[in-house]
Visitor: 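Below: one structure in structure tokens.
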There are 2 protein chains.
Amino acid sequence: MTLEKAFDPRLATGETTVTGRDVEMLRAIDRFGSMHRAAAKLGRSYPHLQRRVVELEDEIGQLTRRERGGTDGGGTRLTAEARDLIRQFERLRVELAGVTTVPESIIRGTVREQYGELATVRTAAGEITARVPAATEEVEIAVRADAVVLMEPHSPPHSHTSLRNQLSGVVSDLAVGDATATVTVEIADGVGLTSVVTAESVDRLDLAAGTDVIAAFKTTAARGTPLDA
Amino acid sequence: MTLEKAFDPRLATGETTVTGRDVEMLRAIDRFGSMHRAAAKLGRSYPHLQRRVVELEDEIGQLTRRERGGTDGGGTRLTAEARDLIRQFERLRVELAGVTTVPESIIRGTVREQYGELATVRTAAGEITARVPAATEEVEIAVRADAVVLMEPHSPPHSHTSLRNQLSGVVSDLAVGDATATVTVEIADGVGLTSVVTAESVDRLDLAAGTDVIAAFKTTAARGTPLDA
DNA sequence: CGGCGTTGTGTCGACATAGATATATCGTCG
DNA sequence: CGACGATATATCTATGTCGACACAACGCCG
């Protein structure tokens, strides 16, 4: 049974929350120039759509310029604020989609020391510093593959960067795609760390199954979730 | 009007989707040992809760061991699969929450060349390679602050890493918190790139307002969203 | 054997959501 | 002044969700 990650993005303000349906509605109004045609194209009723527009504007401010009468009977156009709203929502959707799309690596460990929102965690691959909620012992550390940097093993020590977790390992799996490649580095027995890099980086770092590499990631990119509770 | 990013996590399988409410229900069953008490504590009706458990099990497989009769009247316990499900959901929630919590930097640009899912984009801060949907011209590139690596400017060139975007700039803002710090680097006039690093990295890299630094991020961590549409 | 606290069902009604329908209003044009 | 196509609004109805209530089945115990 494979469970797929999914989500519903929302933009919330005290009272109302803007949903994907609302954004779809605004897009349709923008494209078709009137709420009537937007409602028709979306297959939803005009009265509810119209009320929703008013409701949103009561909360968020003017989103449309609605005019009735005139040679074409009138119509509705979006304001710049509405377009900003759409862009903001789209960015959120893309960012959230990244979470469900990008592979993540899970490393179990036990918390050694906690510093505010950070902690050092002992794992099979050595000590890792990560974001960990307070007062937890056993944790799972999750690292997104697009946050894992691969480095040549014999390069000078990278002490002058903010990459605090640097784990040496061996490439155990390499899937080169169109323009990107998914690389899994075994950093300890049975512990893999997956990274998504450009195909160009695969060439530049001379990566292949069996290659020695250093997999690095920032403390703030590693998130621990409690295992107990 | 500030709109807060929000989301509803889900775990989807062909037919049913597991919602936060379902996970909360499983947690309550686990804690109180019976569906009746779980329903009471959650303030929801037993029949619907019970039906939902059966419905979920029909889709996902056995989640509970339900027993009736006996000295204590029976009760319901979770299976290991149910606990896995809860953990998986919690990880998703944490990852998605990261998106709404971590600051992101937005850089506008125009696509120069597209390679599959990647593209080089001309921006005010120079060329940047990023993930960009096909057939778009004007884009906004979003980079999460926990994916931005800070490096000393005079260190040897980091050509032996998978960090393809390396932009030099000046620290324009520095907010040191409990254990982490939010650093904004001005990489061009009016273009800021925000990074969240550990307080220790601030010391190690000797960061302060006005310091020269290199801000780097992976191509796969930069996501473009179309501006036109 | 009856009591108890469960799990398992069936059914009803309250409530919110959304489409369907009807009507009023508005402003330009022929 | 009437037609047209849009906005604005009231109201009815279908639908789905969920709590409320009722009742059967189960299995151990006193």
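Each chain gets a letter, A, B and so on, in the order the sequences are listed, and its residues count up from 1.
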Visitor: Would you check if the side chain of A/S162 reaches a backbone N or O of B/S201 as a donor-acceptor pair within less than 3.5 Å?
Guide: no
Visitor: Any Lys/Arg nitrogen of A/E90 or A/R93 sitting under 4.0 Å from an Asp/Glu carboxylate oxygen of the other?
Guide: yes
Visitor: Can you tell me how far P of C/dA18 sits from CD of A/E24, to the nearest Å?
Guide: 12 Å
Visitor: At less than 3.5 Å, do the side-chain atoms of A/R66 and the base atoms of D/dT7 form a donor-acceptor pair?
Guide: no
Visitor: When rounded to the nearest 0.5 angstrom, what is the spacing between CE in A/M25 and CG in A/L49?
Guide: 5.5 Å
Visitor: Output yes when B/R27 and B/E24 qualify as a salt bridge under the 4.0 Å nitrogen-oxygen rule, no when they do not.
Guide: no
Visitor: Between B/D146 and A/R223, is there a salt bridge with N-O shorter than 4.0 Å?
Guide: yes
Visitor: Going by number, which of residues 71-80 of chain B have a non-hydrogen atom under 4.0 Å from DNA chain C?
Guide: B/D72, B/G73, B/G75, B/T76
Visitor: To the nearest 10 degrees, what angle separates the axes at the start and end of the helix from C/dC1-D/dG30 to C/dG30-D/dC1, five pairs each?
Guide: 20°
Visitor: Below 4.0 angstrom, N of the basic side chain to O of the carboxylate: do B/K5 and B/E104 qualify?
Guide: yes
Visitor: By nearest nucleotide on DNA chain C, pick out whichever of A/R44 and A/G69 is the more 5' one.
Guide: A/R44
Visitor: Over all strands shown, is A/R65 touching base, sugar-phosphate only, or nothing at heavy-atom distances under 4.0 angstrom?
Guide: nothing
Visitor: Nearest-Å distance, NE2 (A/H48) to P (C/dG19)?
Guide: 7 Å
Visitor: Hey, is the main chain of A/V148 close enough, under 3.5 Å, to the side chain of B/K218 for a donor-acceptor pair?
Guide: yes
Visitor: What is the separation between atom NE2 on B/H36 and atom P on D/dC26, rounded to the nearest whole Å?
Guide: 17 Å
Visitor: Is the phosphate of D/dT7 approached by A/Q50 (side-chain N or O, under 4.0 Å from OP1 or OP2)?
Guide: no
Visitor: Exactly one of A/R51, A/R52, A/R66, A/R65 should register a salt bridge (Lys or Arg N to Asp or Glu O under 4.0 Å) with A/E57. Which one does?
Guide: A/R66
Visitor: Tell me if the side-chain of A/R51 makes a donor-acceptor pair with the base of C/dA18, cut-off 3.5 Å, by modelled atom types.
Guide: no
Visitor: Any salt bridge between A/R83 and A/D30, counting N to O under 4.0 Å?
Guide: yes
Visitor: State whether the distance check finds a donor on one side and an acceptor on the other, under 3.5 Å, for side chain B/R68 versus base C/dT7.
Guide: yes
Visitor: Does B/R37 make a side-chain N or O approach to OP1 or OP2 of C/dT6 shorter than 4.0 Å?
Guide: yes
